[in-house]
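Data first, discussion second: the structure below is written as structure tokens.
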Amino acid sequence: MEFRDQVIRVLAEVLGDKLSAEKIKQVLEKPKDLALGDYAFPAFLLAKTLHKAPQQIAAEIVQKINQEHFEKIQAVGPYVNFFMDKSQASAAVISTVLRQQFSYGDQDLGKGGNVPIDMSSPNIAKPISMGHLRSTVIGNSLAKLLKKVNYHPIKINHLGDWGTQFGKLIEAYKLWGSEEEVKADPINKLLEYYVRFHKEDVAHPELDEKARGWFKKLEDGDEEAIRLWKWFRSESLKSFMKIYEKLGVEFDSFNGEAFYNDKMAEIVSILEKRDLLKESRGAQIVDLDKYDLNPALIRKTDGATLYITRDLAAALYRKRTYNFVQSLYVVGNEQTNHFKQLKAVLKEMGEPWSDDIHHIPFGLITQDGKKLSTRAGRVILLDEVLDDAVQLARKQIEAKNPNLENKEQVAKEVGVGAVIFHDLKNERMNNFDFNLEEVVRFEGETGPYVQYSHARAMSILRKAKEEGHVLNEQENYSLNDPESWEVITEIAAFPKMVKRAVVEYEPSVIAKYGLHLAKAFNKYYAHSKVLKDDEQLYARLALVKSVATVLKESLNLLGVHAPDKM
RNA sequence: GCGCUUGUAGCUCAGCAGGAUAGAGCGACCGCCUCCUAAGCGGUAGGUCAUCGGUUCGAUUCCGAUCAAGCGCACCA
């Protein structure tokens, strides 16, 4: 299956004593141009040991090498270029995909190990913004990727459902809010109160005092405070669920910050027992000087705990509950230091699994170059972006394919798919400035482009079936024309891409791959007629089927639907 | 000031853990629907790979310095 191994094997036969198979594997490369073959071995590194010109070495290798299973092997300058036997190779790839279907690319990297993923984690009483989208879709895609390589992902929505902001919210609600208003439009009203609070507390600092008082009451179990908190939480969650439904994301746990309230005392006592807690400026800290980090603030001057205390409790809870092999946190890169501290404190606590904790950071979304801020009221509401995208998809369908059935369903899949794909197609760490037209674009390197390619493939298969052509999936179909070869090499690369995406925690690898495969396929069927009744017809159909399968699976790994028609 | 991240065509980004003339999309310009959905395909124009050094037979890729941008730097999360 892996063509690369074939090349390494024959090279090792010739170079065995001079270069190990491992070394050959390292230097073997893929030429940029298919005209230079499928693989290339650069002879430079033998020049020194053999005291010969690399050109000459390349020529000698070609003379000695076993060419049996290759179309040809030739020396071009200092390179040995390998051309795979297209018939053999295409038969191997196509039959593998036809047999394995959507499990093509599955691997056992994880041995079934548990991997909790901390993702999405919006704050109660605030709307889900574009910033949360990143964490949500990256986490969701990583979960699907991890599952594909036999890990067991556990998606945890670590809700921001506790903290001093609830004091502010309660105070603001008591001052300006009403039950009817909130019931009618919970998130927006609650946000309105919150923003107003931050506007007014500049001139009226006594508001902060009151807010602190409310939060204290909340912590002490005051009936009214608890009632309001629960109400805000459930209303918020309801509206979050609507968005998650649109995105097609589900969670295994909604244990948020409040869940750990009763689990922090243990952390503090462990730290005390290990003599790690120190007093500094009235607060209690863990000194992390030896890690070159700022001290971790465990308790504020007033005795209240902080973010990191909660995260320590959560980390320990997750280890105990899931006995994870890795624990992931899909959180913005501005929190890099926090996670370094978290790992360092766990290490100080003597927990060796602190090394299994990985922060998966991602870049910032800005608007007009400025950071989004709920307090400043500068938010891009995800819900609105999704609705806009679906609306545009509807218009697109009316213009391009007005007779389509399930228009509404397809519009949702395409619109939402565009938004998700846009977020995943570039490396996580890149920042991007929000631009609605860019996000909901349907042409070029976009989700809809990949979806469209898949729909076209399905359309060809449908038509073939109507004409009475049925594929036998046990048959060995092979193609040896140069037009299909580029598509075949892309399909063959899929398992490697899955692995890379997992190892790098980088969904963009799959998004980029999907674009490449789609592009190769679009080019292919634009230049070769598939439904032509000749002896290669079934082989071409098998190729189209393989493409459709891998495109759909790629999109699936990103959390994007692949409609059969669009 | 210190730390992290980033710096490739007008714009948005690739470049697979150093190699053969630096790629794609968008935008601009020009072609292609009596032919499997033109959300497509083809072509032209556009780059001293931030700068300067170093390692190497070879550097956009590795190392160092400089410059620029973003983020962070204990009582928010």
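Chain identifiers are assigned alphabetically (A, B, ...) following the order of the sequence lines, protein sequences preceding nucleic acid strands; residue numbering begins at 1 within each chain.
The aromatic rings of Tyr307(A) and His338(A) sit parallel to each other, their planes meeting at less than 30°, with 60° as the upper class boundary.
When each of rC41(B), rA74(B), rC73(B) is scored by its nearest atom to the side-chain atoms of Pro295(A), the top-ranked nucleotide is rA74(B). Closest to the side chain of Lys512(A), from the set rC13(B), rC36(B), rG40(B), is rC13(B). Each of rU37(B), rC71(B), rA14(B) was ranked by its minimum atom distance to the side chain of Arg456(A); first place goes to rU37(B). Nearest to the side-chain atoms of Lys523(A) among the listed nucleotides rC36(B), rG42(B), rU12(B) stands rG42(B). Counting only heavy atoms from C-beta on, Leu306(A) has its side chain closest to rA77(B) among rG42(B), rA77(B), rC13(B).
Note on Ala47(A): nothing from the nucleic acid sits closer than 4.0 angstrom, heavy atoms only. Nucleic acid contact class of Asn430(A) (heavy atoms, under 4.0 Å, all strands): sugar-phosphate only. Residue contacts shown for Lys529(A) include a base, since a base heavy atom lies under 4.0 Å away. Within the 4.0 angstrom heavy-atom criterion, no nucleotide atom of any strand lies near Met497(A). When heavy atoms are screened at a 4.0 angstrom cut-off, His516(A) is found touching no nucleic acid atom at all. Residue contacts for Leu531(A): at a heavy-atom cut-off of 4.0 Å it reaches a base atom on one of the strands shown. Tyr449(A) comes within 4.0 angstrom of sugar-phosphate atoms only, judged by non-hydrogen atoms across all strands, and of no base. Residue contacts for Val414(A): at a heavy-atom cut-off of 4.0 Å it reaches a base atom on one of the strands shown. Note on Leu364(A): only backbone sugar-phosphate atoms sit closer than 4.0 angstrom, heavy atoms only; bases stay farther off. Here Arg500(A) lies in heavy-atom contact (under 4.0 Å) with sugar-phosphate atoms only. The residue Thr309(A) sits apart from the nucleic acid: no heavy atom pair falls under 4.0 Å. Within 4.0 Å (heavy atoms only), Ser280(A) reaches at least one base atom of the nucleic acid.
Here the side chain of Ser280(A) pairs no donor or acceptor atom with the backbone of Ala283(A) at under 3.5 angstrom.
The glycosidic torsion of rC63(B) lies more than 90° away from 0, which places this base in the anti conformation.
Between Lys371(A) and rC71(B) there is no side-chain polar atom (N or O) within less than 4.0 angstrom of OP1 or OP2. The phosphate of rU37(B) (OP1 or OP2) has a side-chain N or O of Ser459(A) nearer than 4.0 angstrom. Of the side-chain N and O atoms in Lys425(A), none sit less than 4.0 angstrom from OP1 or OP2 of rA14(B).
The separation between Gln335(A) atom CD and rC73(B) atom C1' is 14 Å, rounded to whole Å.
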Protein heavy-atom contacts under 4.0 Å, written 5' to 3' over nucleotides 20-26 of chain B as B (base), S (sugar-phosphate only) or - (none), form the string B---BSS

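Using a 4.0 Å cutoff on non-hydrogen atoms, the parts of residues 394-404 of chain A near RNA chain B are Gln396(A), Ile397(A), Lys400(A), Asn401(A), ordered by number.
Here Phe254(A) pairs with Phe251(A) under the ring-ring contact (aromatic ring centres under 6.0 Å, His included) rule; sequence neighbours left out.
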